[in-house]
Amino acid sequence: MKRSAGILLWHRGADGIAVLLGHPGGPLFARRDDHHWSIPKGEYASGEQPVDAARREFTEETGAPVPPGDLLDLGQARQRSGKLNTIFALEGDLDASACVSNSFTMSWPRGSGRLGTFPEMDRFCWFTLPAARIKIFDAQLVFLDRLLDAVGDTAAQRG
């Protein structure tokens with residue numbers, strides 16, 4: 001079974017809680033927006049601890065070190081594909097416009113035999129929780145609810 005781990009960075013602002021999400025890079029997601037943003041996360045091997053993988057993947061995908069602070073375990077949730085996501089929350093700040101993701105290589109256009117290199121995440125943005133509920137992949141919505149339950153805020157944040 002495939003497993004991934006990540007960190008949901010959050011802070012409180014004038015409009016309530018905001019979370020940092022990344023938009024997947026590459027041609028498959030180029031024209032997709034709503035329900036296609038993600039918590040910075042990535043796969044890890046069975047011998048690696050999820051918290052260590054979450055820290056590594058955050059740094060790889062944002063190009064920034066994990067901000068200081070205590071990680072809050074938001075638990076696990078399974079995607080439709082069967083992959084199990086383990087997510088940790090961290091209160092902190094980061095300049096979303098300065099994030100630079102690592103890259104991957106794939107054949108593009110499909111079947112052409114040509115290889116293209118693309119960023120894993122092509123952009124990052126802070127979203128209030130109601131906006132994040134529209135942007136984030138459906139399988140990751142549960143982590144927004146768990147964050148809200150854990151750190152508290154107004155009920156209006158659920159959107």
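By convention here, the first residue in the shown sequence is residue 1.
Aromatic rings from H36 and F137 are positioned such that their centres are separated by under 6.0 Å. Between W37 and F127, the distance separating the two ring centers is shorter than 6.0 angstrom.
Between the E57 side chain and the A5 main chain, no donor and acceptor come within less than 3.5 Å of each other. In this structure a side-chain-to-backbone donor-acceptor pair under 3.5 Å is present from W126 to L94. Panel note: side chain S112, backbone R114; a donor-acceptor pair is recorded below 3.5 Å. Using modelled atom types, one side-chain atom of R146 and one backbone atom of Q76 make a donor-acceptor pair closer than 3.5 Å. The backbone N or O of K41 lies less than 3.5 Å from a partner atom in the side chain of E61, making a donor-acceptor pair.
Considering only heavy atoms from C-beta on, I136 comes within 4.5 Å of L141 through its side chain. Residues M106 and T117 fail the side-chain proximity criterion, which asks for heavy atoms closer than 4.5 Å. F124 places a side-chain heavy atom less than 4.5 Å from the side chain of P40.
Crowding of D95 atom CG: a count of heavy atoms from other residues, nucleotides or ligands under 6.0 Å exceeding 12. At most 12 non-hydrogen atoms from other residues, nucleotides or ligands lie less than 6.0 angstrom from CD of Q49.
For the atom pair CG of L21 and CH2 of W10, the computed distance is 15.0 Å after rounding to the nearest 0.5 Å. Atom CD1 in I7 sits 11.0 Å away from atom CG in L20 (nearest 0.5 Å). The CD atom of E91 sits 9.5 Å away from the CG atom of L147 when rounded to the nearest 0.5 Å. For the atom pair CD1 of I87 and CG of L90, the computed distance is 12.5 Å after rounding to the nearest 0.5 Å. To the nearest 0.5 Å, atoms OG1 (T86) and CG (L74) are separated by 10.5 Å. If you take CZ on R78 and CG on L84, they are separated by 5.0 Å, rounding to the nearest 0.5 Å.
Counted by atom type alone, E120 and S103 present zero donor-acceptor pairs between their side chains at under 3.5 Å. At a cut-off of 3.5 Å, with distance as the only test, a side-chain donor of N85 or Q79 sits close to an acceptor on the other residue.
Taking 4.0 Å as the cut-off between side-chain N and carboxylate O, R31 and D122 do not count as a salt-bridged pair. Between K83 and E43 there is a salt bridge, with a side-chain nitrogen of the basic residue lying less than 4.0 Å from a carboxylate oxygen of the acidic one. Taking 4.0 Å as the cut-off between side-chain N and carboxylate O, R133 and D34 do not count as a salt-bridged pair.
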Could you tabulate the donor-acceptor pairs under 3.5 Å formed by side-chain atoms of residues 62-69, not counting sequence neighbours?
residue : atom : partner : partner atom : Å
T62     : OG1  : F58     : O            : 2.7
T62     : OG1  : A64     : N            : 3.1
T62     : OG1  : A64     : O            : 3.4

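A continuous path of hydrophobic side-chain contacts links V142 to I17 [ILVMFWY only; heavy atoms under 4.5 Å]. No continuous path of ILVMFWY side-chain contacts below 4.5 Å connects F88 to L72, so the two sit in separate hydrophobic clusters.
For K2, the salt bridge (Lys or Arg N to Asp or Glu O under 4.0 Å) criterion is met by no residue, not counting sequence neighbours. Considering only residues two or more places apart in sequence or on other chains, E60 meets the side-chain hydrogen bond (donor to acceptor under 3.5 Å, both in side chains) condition with none of them.
Considering all non-hydrogen atoms of both residues, M121 and G22 come closest at SD-C, 3.4 Å. For the residue pair P50 and Y44, the shortest heavy atom distance occurs at CG-OH, 3.3 Å. The minimum heavy-atom distance between A77 and A139, with the atom names listed, is CB-O, 4.3 Å.
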Item to check | Verdict with supporting geometry, V19 and L144, side-chain contact (heavy atoms from CB on, under 4.5 Å) | outcome: CA-CA 9 Å; V19 295; L144 299 181; 4.1 Å; yes

Item to check | Stepwise side-chain contact (heavy atoms from CB on, under 4.5 Å) test for W108 and L115 | outcome: CA-CA 6 Å; W108 192 258; L115 294 179; over 6 Å; no

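Ring orientation note: the planes of F29 and H23 are nearly perpendicular, at an angle over 60° on the 30°/60° scale.
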